[in-house]
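In what follows, a single structure is set out as structure tokens and then discussed.
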Amino acid sequence: MNSETGHAAAVPAAVPRAADRVAASLKRRYAAERRFRACGLAAVCFAVFCLGVLLFTVFRTAIPAFTQTMIELEVTLYPQEIDPAGTRTADAISTADYQKLIRDALDDLFPDISDRRQRRELMALLSPGATYTLRDTVMADPGLIGRRITVRVPFADDVDQFAKGRFDAAADAASRPLSDKQIEWFQRLEQRGLVHHDFNTTLFTAGDSRSPELAGIWGALVGTFWTMLVTMAISFPLAIGAAVYLEEFAPKNRWTALIEVNINNLAAVPSIVFGLLGLAVFLNVFGLPRSAPLVGGLVLALMTLPIIIIASRAALKAVPPSIREAALGVGASKVQTVFHHVVPLAMPGMLTGAILGMAHALGETAPLLMIGMVAFIVDIPGSPLSAATVMPVQIYLWSDSPERAFVERSAAAIVILLGFLVVMNLVAVVLRRRFERKW
Amino acid sequence: MKMLQEDDAPDAPMERVTTSANGKVKFLTDNVSVFYGAKQALKDIQLNIYANQVTALIGPSGCGKSTYLRCLNRMNDTIPGCRVAGTILLDGEDIYSGEMDPVHLRARVGMVFQKPNPFPKSIFENVAYGPRIHGLAKDRQELEMIVENSLQKAGLWKEVQDRLAQPGTGLSGGQQQRLCIARAIAVQPEVILMDEPCSALDPIATARIEELIDELRQNYTIVIVTHSMQQAARVSQRTGFFHLGSLVETGATGQIFTNPVEQRTQDYITGRFG
Ligand SMILES: Nc1ncnc2c1ncn2[C@@H]1O[C@H](COP(=O)(O)OP(=O)(O)OP(=O)(O)O)[C@@H](O)[C@H]1O
Ligand SMILES: [Mg+2]
């Protein structure tokens, strides 16, 4: 009691009570909090703004690629032109001169043009794909031969660009790809209502092509599918197996520590190094085919392996030890404990890791360049062994092309790739939500 | 110490003593020391656990009660760096010998943990898991019988009989602990080890579990770790007092609580330290 009063007396009255000091400091603390919040908000706003600008430019560039300017032509399918012998075999029909039919149909629309050079210029308005479209139509229904049909065939990419207002008719003739005459003809066609702006199905159904209006992403999508299939089939089981072994069964000694360090290092290796490895090992040593999704998938599997292993080990670590003890306590063996209880509980985390790894692989270009997946490939790949390219490489190839029409197509391909990435990440989030359990 | 020796420590430890004045010896612990790395957690424990009795282990926190309990079903094997020296016999069989399979041992010696730890599966699956992996049921019907019996013995059947498909983690703390007891019983062990089974429970749930322990004693041998003197006095026939890694005193519960031999035991149970 004595000491207490003595203590109180020793404190000068001028010193404010603790509560007052707290009150005085509160203002400063709140100000710091407000400053911090403002900084955070500014950072988020800036990030959202940048993202918005990026997406806006990509989308604005991409949108024209989803439509294609088409011409409506009345073509007479003279039997003597297509199949003079009258055999109607697929062989005979496919080798007919459809270009002549198209040319005739176009000339019919412009009876005033007689000059050969001008007629060639007129023909240049149409895409070389026009003949293929006509041929495919006739091949699909040989009964059309002898009739007069209406087909819609694509304009050449320069005309398409003009129709989309990419360059001005008033501009200097030398600086634009179309001549004054061609522009005039196109405008006459427009007046007659023969020009249509159709949804660009070619973009989704065709492989690559030198002509932008005939180029599509289907080849690259199928190539991506095969590559991802190989990547998934190899990296997922391998990574899960490695993670389960390292986390649950491996003795904790110097060797496993070394392996752990190296797995973490591997996750940080630049992806091009994996491409070099693929080139040196898979192509040169094992002699696997160049440009094949199998090799691409193997390389990307090596690249995603450490990512999935790390995510899976984190997921396994997060399973509470009480669950393991419970299982061991009723007499489950180590393997039963792991596979009946621990792995199922860690599965959502493992799947999330796998999907994020796959999303990473989906956007990868550099290592695939090393193993020749950068080639110009028109055919749709039929198996993991046929030559193929993948979406990001296709984007890279197109963005490198001189034709303006390829610019909007690469933007469209970016939009589609982004769509896939968003879907994959959504699946990862849904999986996590779905299977998240409380214990 | 004199009395302790008369009562418990076998005169010739390696003679595989199976009975004594107190009944059939289920677990015989001779000279057991446990090390976590270099740190010694238990020193020369001599303790007998008798069949169809409840043995309570008391002592201040950190004295090694859980460590001792985990020796009895070799749960310590799962802790890296943990080493057990000495002999523990279950029905005369050395459980740390090469012939003893720890998985088999754990099927014979069940455990209920301090914190209820049901599997994040349905109530039915929680109880059915053990019998299933051990192949105790021929068919689904028999499995359902085992589950029902176990839940009934654990006093949980009435509360959960119409929601067996719901997750076990959705039950209350006390119900979860009884579910864990049912899970342990379902394997039909000979011994049940309970590490502070009531530490997270309210007095009503505690009373139910104590009742349950008393019933289970008919068929099982029970070892229970508890911090509650009253609980030890209520449920156990024998009590062991641990302090700083040593077994200070052991004997009939009545004798330990009314007339302990050691001063330290006296101090602990009267609440003078600990
Ligand atoms: N896994 C472990 N690694 C290292 N030391 C441990 C480990 N588990 C327990 N110990 C140590 O062993 C000693 C005994 O621990 P134990 O858990 O057996 O105590 P306890 O009597 O059960 O205590 P409580 O009543 O608090 O549960 C303690 O000093 C503890 O720090
Ligand atoms: Mg304990």
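These values consider heavy atoms only, across backbone and side chains, with no hydrogens, waters or symmetry-generated copies.
Remark: Arg29(A) CZ is packed, more than 12 non-hydrogen atoms of other residues, nucleotides or ligands lying under 6.0 Å away. Environment of CD in Glu99(B): sparse, with no more than 12 heavy atoms of neighbouring residues, nucleotides or ligands closer than 6.0 Å. Other residues, nucleotides and ligands contribute over 12 non-hydrogen atoms within 6.0 Å of the CZ atom of Arg163(B). In Phe249(A), the CZ atom is crowded: over 12 heavy atoms of neighbouring residues, nucleotides or ligands sit closer than 6.0 Å. Under a cut-off of 6.0 angstrom, the local environment of OH in Tyr96(B) is crowded, with over 12 non-hydrogen atoms contributed by other residues, nucleotides or ligands.
Under the 4.5 Å side-chain criterion, counting only non-hydrogen atoms from C-beta, Ser333(A) is not in contact with Ile133(B). Within the 4.5 Å cutoff, the side chain of Arg106(B) has no heavy atoms near those of the Val330(A) side chain.
The aromatic rings of Tyr129(B) and His340(A) stand perpendicular to each other, their planes meeting at an angle above 60°, with 30° marking the opposite boundary.
Residues of residues 65-82 of chain B lying under 4.5 angstrom from chain A, judged on non-hydrogen atoms, are Arg70(B), Met75(B), Thr78(B) in numerical order.
Annotation: maximal heavy-atom pairing with chain B below 4.5 Å, among Pro251(A), Gly329(A), Pro321(A), occurs at Gly329(A). Among the candidates Lys334(A), Glu325(A), Gln336(A), the residue making the largest number of heavy-atom pairs closer than 4.5 Å to chain B is Glu325(A).
Closest non-hydrogen pair, Ala326(A) versus Asn117(B), comes out as CB-ND2, 3.4 Å. The nearest pair of heavy atoms linking Val103(B) to Ala332(A) is CG2-O, 4.2 Å.
Taking the side chain to side chain contact (heavy atoms under 4.5 Å, CB included) definition, one finds that Pro306(A) meets it with Ile263(A), Leu266(A), Ala267(A), sequence neighbours left out.
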Please test His341(A) against Lys121(B) for side chain to side chain contact (heavy atoms under 4.5 Å, CB included), starting from the C-alpha separation and ending with a verdict. CA-CA 9 Å; His341(A) 299 283; Lys121(B) 299 185 182 216; 3.8 Å; yes
